[in-house]
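Working notes, beginning with the structure itself.
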Protein chains: 2
Amino acid sequence: MEPEIEIFREHLGKKGLRNTKERDAIVREISAFHDHFDVDQLYLLIKKKKGVSKASIYRTIPLLIEAGLITEVYLEDGHMHYERTLGRDHHCHLRCNQCRTIIEFSDPRLQEIEREVAQKVGFVPDGHKLEITGLCPQCAALDKRRPGA
Amino acid sequence: MEPEIEIFREHLGKKGLRNTKERDAIVREISAFHDHFDVDQLYLLIKKKKGVSKASIYRTIPLLIEAGLITEVYLEDGHMHYERTLGRDHHCHLRCNQCRTIIEFSDPRLQEIEREVAQKVGFVPDGHKLEITGLCPQCAALDKRRPGA
DNA sequence: GTATCTGCAAACCCTTTGCAATAAG
DNA sequence: CTTATTGCAAAGGGTTTGCAGATAC
């Protein structure tokens, strides 16, 4: 069994909630995404196989976040996106303002900054998100060719 | 005249757009906010004085962002918030998961990381946002007193 | 004069919720 | 058995848009 399933069941148990085949299906399909996804993508994938409703997906997402299996990703296109957390290195995002591509990266100094800054203001940190915006290599190259933009 | 007004008019000029009293009013009221605000707060403030419609505010916000006068702030409460940019040091946010308070901070290393990371992947950066989540001093103290939470 | 801008109200779209039926423990 | 969960469809709530009249230039 996927480790996600076990982790999620344990989380449900701790909260006095129940395990269901719908929740199993949702957790299983999330593992299939290797990058970002949104509710609609997840719904289409699950509906085909199992017939889980969108309402159940929306109701399950907060639980998945609490369990540490996914995190929210802001992509500035009007609705929420998510990404799998388990088994992936912590990383941050470079987002292209033009083509919206996301490039992932990680830098060990960020953990340090998180800890130090939090300590300075008496904050107990549990994570951070860094997003760098600008132009990806492709769009930057195109921009150079037509300087009037 | 506030520097914001001039900057905004110049931006409008460059894009072949027109200056209007509604846009002036919006820019002027934004300068009144010293921290975060949302469309509703701005609307209530402006409506009282000038009677600018919400639609015009929504239509003006993208222009204000382009002009570099405000930036979006994600506060995880279902709608977008903004903050003034001009005349403020660049800073990032510590957000309390419990009481939603925002603490601002800045760290010079972030500029460096932005530049280095971007260079590494061939990205042309134009800014970054760092958000650290966790518990603010008050909520952390309360949490200690009732360990069962 | 012409193209942009405004206000209004309706439309949109993602997300949440009430309810009756179902299922987990 | 009791309480949580599901699917459906309707409601919610922030944001966008069509349109006719007003206005900048």
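So that the names make sense, note that chain A is the first sequence line, chain B the second, and so on, each numbered from 1.
Between Arg84(A) and Asp35(A) there is no salt bridge, since no side-chain nitrogen of the basic residue lies less than 4.0 Å from a carboxylate oxygen of the acidic one. Salt bridge present: Glu116(B) and Arg109(A) bring a charged side-chain N and a carboxylate O closer than 4.0 Å.
On a pure distance criterion of 3.5 Å, no polar donor-acceptor pair joins the side chain of Arg23(A) and the base of dT5(D).
Two different hydrophobic clusters hold Leu110(A) and Tyr74(A) under the rule that ILVMFWY side chains link at heavy-atom gaps under 4.5 Å. In the hydrophobic cluster analysis, where Ile, Leu, Val, Met, Phe, Trp and Tyr join through side-chain heavy atoms closer than 4.5 angstrom, Ile5(B) is grouped together with Leu64(B).
As a whole-Å value, the separation of His11(B) NE2 from dT4(C) P is 15 Å. Summarising the geometry, the separation between CD1 on Ile57(A) and P on dC8(D) is reported as 12 Å, rounded to the nearest angstrom. Atoms CG (Asp40(B)) and P (dG14(D)) sit 7 Å apart, rounded to a whole Å. At whole-Å resolution of the value, CD in Glu76(A) and P in dT15(D) are 13 Å apart. Taking atom NE2 on His79(B) and atom P on dT16(D), their separation rounds to 13 Å, with Å as the unit. For Ile26(B) and dT6(C), the CD1 to C1' distance is 10 Å, given to the nearest whole Å. Rounded to a whole Å, the CG atom of Asp77(A) is 15 Å from the C1' atom of dC12(C). Straight-line distance from the CZ atom of Arg59(B) to the C1' atom of dG7(C): 8 Å, rounded to whole Å.
The nearest pair of heavy atoms linking His11(B) to Glu66(B) is NE2-OE1, 2.9 Å.
Considering only side-chain atoms of Met80(A), the nucleotide from dG14(D), dC25(D), dT15(C) that sits closest is dT15(C). Nearest nucleotide to the Arg18(B) side chain, out of dT2(C), dG7(C), dT6(D): dT2(C).
Within the structure, a side-chain polar atom (N or O) of Ser56(B) is placed less than 4.0 Å from OP1 or OP2 of dG7(C). Using a 4.0 Å cut-off, some side-chain N or O of Thr20(B) falls inside it from OP1 or OP2 of dT6(C). Side-chain nitrogen and oxygen atoms of Tyr58(A) include none within less than 4.0 Å of the OP1 or OP2 phosphate oxygen of dT16(C).
Looking at which nucleotide of DNA chain D each of Lys54(B) and Leu17(B) is closest to, the 5′-most match is held by Lys54(B). Summary of the strand contacts: Ala55(B) and Glu22(B) both lie near DNA chain D, and taking for each the nucleotide with the nearest heavy atom, the more 5' one is attributed to Ala55(B).
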